[in-house]
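Chain letters run A, B, ... following the sequence lines, proteins first and then strands; every chain starts at 1.
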Amino acid sequence: MQYSAFSLLKNALTGHRHWQPAWRDSEPRSQYDVVIVGGGGHGLATAYYLAKVHGVKNIAVLEKSYIGSGNVGRNTTIVRSNYLLPGNIPFYEWSMKLWEGLEQDLNYNAMVSQRGVLNLIHSDTQRDAYARRANAMRLHGVDSVLLDKDEVRKMVPFLNYENARFPIQGGMLQPRGGTVRHDAVAWGYARAGDQRGVDIIQNCEVTGFRISNGKMMGVETTRGYIGAGKVGLAVAGNTSRVATIAGLRLPIESHVLQAFVSEGIKPLIPNVITFGAGHFYISQSDKGGLVFGGDIDGYNSYAQRGNLPTLEDVCEGGMALMPMIGRIRLLRQWGGIMDMSMDGSPIIDKTPIDGLYLNAGWCYGGFKATPASGWCFAHLIARDSPHEFAAAYRMDRFRTGHMIDEKGQGAQPNLH
Amino acid sequence: MSDLALKPLSAFRGHLAFTGMSEASGAGVTLEVRDDLAMAIVIARKGRLAALAENVCQTYGIDLPAGPKRVAAGSLAFIGTGPGQFLAVEQGGDALTFASRLAGALGDAASISDQSASRAVLRVSGPRVRGVLAKGLAIDLHPSVFRPGDAALSSIALIGAHLWQLDERPTYEISVFRSLAGSFAEFIWSSAAEYGVTIDNP
Amino acid sequence: MAAQSQPARLQSGGLIDRARPLEFQFDGRKMTGYAGDTLASALVANGVTLTGRSFKYHRPRGVLTAGSEEPNALVELRGGSRREPNTKATTVELFAGLEARSQNRWPSLTFDALSVNSLFAPLLVAGFYYKTFMWPAAFWEKLYEPLIRKAAGLGRASGLPDPDTYEKAFAFCDVLVIGGGPTGLMAALTACRAGARVILCDEDFGFGGRLLSETFEIAGISGASWVGETVAELAESANVTLMRRTTVFGVYDTGTYGALERVGDHLPTHVPHQPRQRLWKIVAKRAVLAAGAIERPIVFGGNDRPGAVMAAAVRSYVNRYAAVPGRRIAVFTNNDDGWKTVADCAAAGIPVEAVIDPRANLPEGLRNLADRAGATLFAGGRVLDAYGVSSGLQAIDVETAGGSIVTLNADCLAMSGGWNPALALTTHLGSRPVWRPDIHAFVASAPPPGLEVAGAANGSLALAACLAEGAAEGAKAAEAAGFSASMPAIPAVGADPTGMMPLWKVERSRTKAFVDFQNDVTAKDIAISESEGYRSVEHLKRYTALGMATDQGKTANVNALAIMAALTGKSIPETGVTTFRPPYTPVAIAAFAGHHRGKHFRPTRLTPSHLWAAEQGAPFVETGQWLRAQWYPRPGETDWLVSVSREVNATRSGVGVCDVSTLGKIDIMGADAGAFLDRVYINTFSTLAIGKVRYGVMLREDGIVMDDGTTARLADHHYYMSTTTVNAAKVMQHLEFCHQVLWPELDVQLASATEQWAQFAIAGPNARDTLRGLIDPEFDISNEALPYMGATTLTICGGLPARLFRISFSGELAYEIAVPAGYGDGLIRAIMSVGAPFGVTPYGTEALGVMRIEKGHAAGNELNGTITAADLGLGRMMSTKKDYIGRVMAERPGLADPERPRLVGFKPVDRAQRLRAGAHFLPLGAKAVAANDEGFMTSVAFSPSLNHWIGLGYLKNGASRLGERVRAHDPVRGLEFEVEICDPIFIDPKGERLRV
Amino acid sequence: MRIPCPYCGERDIHEFAYLGDATVSRPDPARNDAVQAFYEYVYLRDNPAGSFQELWYHAAGCHSWLVVTRDTRTHAIFGARLASREAS
């Protein structure tokens, strides 16, 4: 059923009794051409693009819980392509472009809202670094603007300009950046994939891999064996767990990133704002909640929840930057498991096992990457060669010394 | 040129002159700046902790603590700061020669780093002092848990702090890095204000 | 008279203080309540039924509950910068002068323009926005989204900085008791008597929980009296801390609990030096959760109408507050507890029109009760729909056991669908509740370690069980914390039947039946969600926004699950349950920040010369936590560049002085100190002579430069390392790691000396002459006695011990002199005094930066965590004769690639052109595309020595391209011009000035 | 979270800095396969879901490096010891 104002009206007139499931709740078949492990944003996008762009027919997405139960439904919904390094910019910009056409492509309103992402600058050194970044973006054809203090003040007058520990000196703006309704991304890809024949199999956990002579044969699951010559892993924080079953040891640690939402209030914050001297970023959802976050908790964890010190740190940053939010109440805190790589950049690559493909290492930046990740991973799986925009995301870069380290923190995942 | 003889400046200079301070009788908290403490870090050399302990005991009559405790004899105290590490604190002595006097006395059993100028020490006491410190310190100071002679390295309101308890009044001395004296004083003031604050020396 | 102004106040009774009337305002209307009221009870007493509008449909709403689970009665409290949106009227303690406004309505509460949304309700069902607003694409952001944002969002924030202060504090105890009702009081009492340190928290302003709202007798006295006696005993015990107005909102790891104390929210005005709220981090060996239970509504048509109130809340208003929520009350209950409302209303003389109980076979006692109350009993009946106007309920349609429909007049419908244990805290660490079919409710399965659940929170709803369980868990907790506890006598109470028959949703309702009141999720929305495949409870929640409102679905979730279970044909436990997240009730963001906001966001570190620099009028710049003097303006200098250039010129031609105390300083001692340094630096230090200084570079283990600085050898077993300012702590941590984890066998002792020494750079041709004025005469600092890269200890100013290093960041003849930090203020004044004849000029971080760029020294902008020693042109320093951290990984092809960008200098071809850091380099004539990007400018400065701008940067193959030109491409600043590649050392490339 | 420092006692997590896996050890740089060994040491991790030995630095306390055993699923801490094999 095509979604539109007309279909909504039609259904309203018939008491909403005729809506179809957005996706079929499929039973697993015994054999697929491609099995994608992980029914999050990346896995569902991969399946959709495999079907749509590469014409692959028999695809299953296996999800151990319900689709979208991982990071795609736990993030702070920000999309942007304001990256620094040549290995990253084209990839994230391609993601931005896919976001811009996503809703019409999927026939699902994910509320892509290009309200602008503003990174604040608090020192000359930071200004220099952001100028370098903004220019690098321009060289890749990405929009970026460097703002001085007065321009920032005009745009967001409610920040703390008068009594700041780290005064605001300016900002870098990506006008095309913004937010997307996160859950809707998973549902939209699921529905669009389903319409192209993708089987979405929930409550189906992978427990083993059948590998013969170094070649992938299929996966053992809690719902039985499923054969597939090509298996793609897109399981984010659970990457090491699943890879260990396949005998792989990876340059990845799992860490908790928390996110926070306030009670709903009338429109207050027009765009996405990132504090440059503390760990705090914020936007306001269409429902009115302030959605904000900060750094990862900083220690390996598989618990999908956070702790108090990070929450305090984030709120301290918030109050340092915008003291007007003081009386607004925090409604919920929660956490997701990030697959933190050793250089802060992702891996989209083949593995030593023929037919096993890896999509991982997204750190806390996986949501914005969802469309391009699916696009490039689908390309890799279908063509057995990396997509040009993801060519730098090789696994052997750590061995050869070609790290893509935006933050310059080295092999220390909790600092990325 | 010796006519330039320099005088040390208290790290708290300019930082404890709050206006509107409550100095009513029965003040909850009393503050006193301790600029008369000489300090040095004493670290046992490799495999020489026993020898160091022996030297300290014979020279000063102090049994080096095995944990975070303060052991004093006369004007001198040793405070455990880590495995094999101590902060030696002398009250009223010549800070400029303290480290070398220690080095002379302890021989090659320890390495010594002069810290007399690196810390700003505030003595805080009074009936509400535990309530004040609880606003920034994540250590249980209840008298059943933390007693005179106990010491702790921790942080108070994001400021690294070393504190030790002197008596049951209770009285604590809190040492912070010198550069942070101003931020520390502001925190103590804002936390203690509701209980009333008296400052013993300006 | 007060009584006239409070038409719905009972003449007597309640726990309010009638001697203390309080004036307040709601939507500008002046009213009176009493001390002991909540805002909600005062509104009820004043006959106010309409308190707000709902989120999506802007439906009229009134008070539903009497507690923190309230979804409807949200108001904006106070005004101006203290305006506080979305405040639950049921939790606001009334104070004199309180001002509250209804929210999410325009222009007024009674006439709300957006209530037309109700007319479009058929279109605004669950998930409607996912299906539309897609065409034309540009309209979403320009039209649809702003409309949606404006319509949503409940209350308005002030938009102004919060003027109040907040605090954070730690507390420690043996036993934390969460909830001060009968269960919690018994738990606290038992643990207290065992001698344990007890903290008892309750979110209410009075202890007692339901005992304040019910008519129980305990041990022959009223519940409220028993509470008074018990609290008195606890209050007198030194080992008990009673915390009223304190909500334990979260459970965190290792027995840490978050709690919010509302210190001043109930006060009309701010008390000096007192915070508005205090965030407690309570570390408890054991905890007892005695948070009670939350009554659930019944889902039927119009159940959100103002006047439809929870049955227990009606008792709270009547018994505790002596306020009557209606003149014609009907009670709709599926359980025995709801019948208490019948009894209590009757006892208070409030007419009960009807009792509707879906249970066909009711015990005799209940039938008699209906008779005594004069109420029509509909056993086996259901309320189908409730009707009324926006100000409230007028009538209900009752379906009788026989299937006929009866319309009754009622202005208040007390409803009870049973009770959900308040188990939210037990799920904060991830455990899932389990369904208990015998009580038709979820209870905790595996509570967090150290926490036990008791009383109604544990599904034990009868008072006797609450008292007994509270005592038992209190004793258990005290025992587990190391105390010997004995069970107290459990006070005798009357029977308290808890029978019920589940009724999740009334079929055949004709109007909207609400499940989540605040987010306007209806039974129909759940059906749509189910039909579209959003059947997982998490999908249901995310698709319909069920349970995502400010109450986290406390009154909604279980009903929704039951409805979904019925739709899918699964059982409730099979359907599952969503997770409660901290905080239990919303907490002001400022409370989590406490003291650390504004200037106090992070501590500030001041240099030894700060007071003096401030006297000179220097502006300060943040360098990590430090404030450093940026430059020292002289009268008439309005442009910073003029001041900075003057400082540079004065230094290069005479002498300048700069406070460099912020650099990290580490004493490295012990017999193996030299060997240790050899392993952490790329170059060798064990061979450094005593009295000498050497520049060193240290790598991370991945081969990338971590930090650089000079290290002096002061004695055989004593080195003195300096680090960059920003990396001081990181380097110390790294060295401790190397020492403790990698090479504990070495005889090395480390001590930070950063704060011990005030250190000043004295630089320029007149540096030595200036110094001579300070140094005690017996010390020789001639070029021969203390050559370049020499170090010595000596005394100055008549015996003050000092360390003197002949090192130079500026490229001039220069020294760094260090004295104990307390003397730093005196020393800078002394330097200014003895240097005056030589024109000594203080310089700040800007001039420091100019001079280091003129000398090509790498600093923070260059050391960005991706740079190798070879990139800096220091490849030859990397020893091949020893192992050191990072050596092996630095050999990887990606890091050893000779094509990597190298640090070089840049000059504008048009010498008048200003350079900008962040510009990228493109080959001349090449297109401005990424493929042609050859590097970028890291640092720039106007060199007063050369009289033009200069820069440092990384350029592909840079070292072999000196003299070539490239384009500096800076589109974000609209700049594009040619620069010449040059050696990074702009001044005195042979270093002759250093050695004079 | 609270970590039991063997020297200072149980302390709040904010006093500590995290490094990570304590089970990897720095290889001998003289090994023939030193590059591979260092690559594995610096980059590859088991990243287990469950009991995990990890390095923490008591930055705001005694400056000891600790090996803490912790469950990465529940954050339950089973113990901590000084990382230095020879503490004195």
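For C/F120, the CZ atom counts as loosely surrounded, since its 6.0 Å shell holds 12 or fewer non-hydrogen atoms of other residues, nucleotides or ligands.
The pair C/E532-A/R191 does not meet the salt-bridge criterion, since no charged nitrogen lies less than 4.0 angstrom from a carboxylate oxygen. C/K168 and A/E316 are joined by a salt bridge, as a carboxylate oxygen and a charged side-chain nitrogen come within less than 4.0 angstrom of each other. Between A/D405 and A/R397 there is no salt bridge, since no side-chain nitrogen of the basic residue lies less than 4.0 Å from a carboxylate oxygen of the acidic one. Salt bridge status for C/E145 with C/R149: absent, with no side-chain N to carboxylate O gap under 4.0 Å.
Options A/A186, A/S113, A/A129, A/G288 differ in how many heavy-atom pairs under 4.5 Å they form with chain C, and the most are formed by A/S113. For the set C/R597, C/R973, C/R276, C/R916, the entry with the most heavy-atom pairs within less than 4.5 Å of chain A is C/R276. Counting heavy-atom pairs under 4.5 Å between each of C/Y252, C/Y144, C/F128, C/F580 and chain A puts C/Y252 at the top. Counting heavy-atom pairs closer than 4.5 Å to chain C, the top residue among A/Q304, A/Q333, A/M319 is A/Q333.
Looking at C/L429, the atoms closer than 4.5 Å to chain A (heavy atoms on both sides) sit in the backbone and in the side chain alike. Of the atoms belonging to A/R332, heavy atoms from both backbone and side chain fall under 4.5 Å from chain C. No part of A/S123 comes within reach of chain C, as not one of its non-hydrogen atoms sits under 4.5 angstrom from that chain. Residue A/D124 touches chain C through its side chain alone, counting heavy-atom pairs closer than 4.5 Å. Interface remark: C/Q625 contributes backbone and side-chain atoms alike to the contact with chain A (heavy atom separation under 4.5 Å). Heavy atoms closer than 4.5 Å to chain A are found in the side chain of C/F936, but not in its backbone. Within the 4.5 angstrom heavy-atom criterion, no atom of A/P309 approaches chain C. Neither the backbone nor the side chain of A/Y130 comes within less than 4.5 Å of any heavy atom of chain C. Within the 4.5 angstrom heavy-atom criterion, atoms from both the backbone and the side chain of A/M111 approach chain C. Heavy atoms closer than 4.5 Å to chain A are found nowhere in C/A890, neither backbone nor side chain. Neither the backbone nor the side chain of A/A303 comes within contact range of chain C; no heavy atom of the residue lies under 4.5 Å from a heavy atom of that chain. No part of C/M706 comes within reach of chain A, as not one of its non-hydrogen atoms sits under 4.5 angstrom from that chain. For a residue to count as touching a neighbouring chain, one of its non-hydrogen atoms must lie under 4.5 Å from one of that chain's; by this rule C/K56 does not touch chain A. Contacts of A/Q20 with chain C are made by backbone atoms alone, with heavy-atom separations under 4.5 Å and no side-chain atom involved. Proximity to chain C is absent for every atom of A/E162, based on heavy atoms less than 4.5 angstrom apart. Heavy atoms closer than 4.5 Å to chain C are found nowhere in A/E100, neither backbone nor side chain. Residue contact with chain A, scored on non-hydrogen atoms closer than 4.5 Å, involves the backbone and the side chain of C/V972 alike. If you measure heavy-atom distances from C/S81 to chain A, the contacts under 4.5 Å come from the backbone alone. With a 4.5 angstrom heavy-atom cutoff, C/Y166 touches chain A only via side-chain atoms. Looking at A/N163, both its backbone and its side chain come within 4.5 Å of chain C, counting heavy atoms on both sides. Contacts of A/A136 with chain C are made by both backbone and side-chain atoms, with heavy-atom separations under 4.5 Å. For C/Q518, no part lies under 4.5 angstrom from a heavy atom of chain A. Looking at C/R602, both its backbone and its side chain come within 4.5 Å of chain A, counting heavy atoms on both sides. Proximity to chain A is absent for every atom of C/A527, based on heavy atoms less than 4.5 angstrom apart. Looking at C/S531, the atoms closer than 4.5 Å to chain A (heavy atoms on both sides) sit in the backbone and in the side chain alike. Contact annotation for A/I67: both backbone and side-chain heavy atoms come within less than 4.5 Å of a heavy atom of chain C. When heavy atoms are compared at a cutoff of 4.5 Å, C/H595 does not approach chain A at all.
Judged by the 6.0 Å distance and 45° axis criteria, A/R165 is not positioned over the aromatic ring of C/F601.
Under the 3.5 Å distance criterion, with hydrogens and angles disregarded, no donor-acceptor pair is assigned to the side chains of A/Q412 and C/R700. In this model, no donor atom of one side chain and acceptor atom of the other lie less than 3.5 Å apart for A/S285 and A/R181. Under 3.5 Å, the side chains of A/Q2 and A/S7 contain no donor-acceptor pair of N or O atoms. Defined by atom type and a distance below 3.5 Å, a donor-acceptor pair is missing between the side-chain atoms of A/D183 and C/Y534. Side-chain contact annotation: A/T310 with A/D297, donor-acceptor N/O pair under 3.5 Å present.
Ring centroid separation for the pair C/F592 and C/F249 comes in under the 6.0 Å cut-off.
Contact between A/A110 and A/A184 at its shortest, heavy atoms only, is CA-CB, 3.8 Å. For C/A917 against C/T938, the heavy-atom pair with the smallest separation is CB-O, 3.4 Å.
Distance alone, capped at 3.5 Å, is enough to place a donor-acceptor pair between the C/E701 side chain and the C/G886 backbone. For the pair A/E406 (side chain) and A/L84 (backbone), a donor-acceptor distance under 3.5 Å is present.
Taking the six-membered ring for Trp and thresholds of 30 and 60 degrees, C/H539 and A/W187 have ring planes more than 60 degrees apart, a perpendicular arrangement. A perpendicular orientation is assigned to the rings of A/Y3 and A/W19, their planes being inclined by more than 60° (bins at 30° and 60°).
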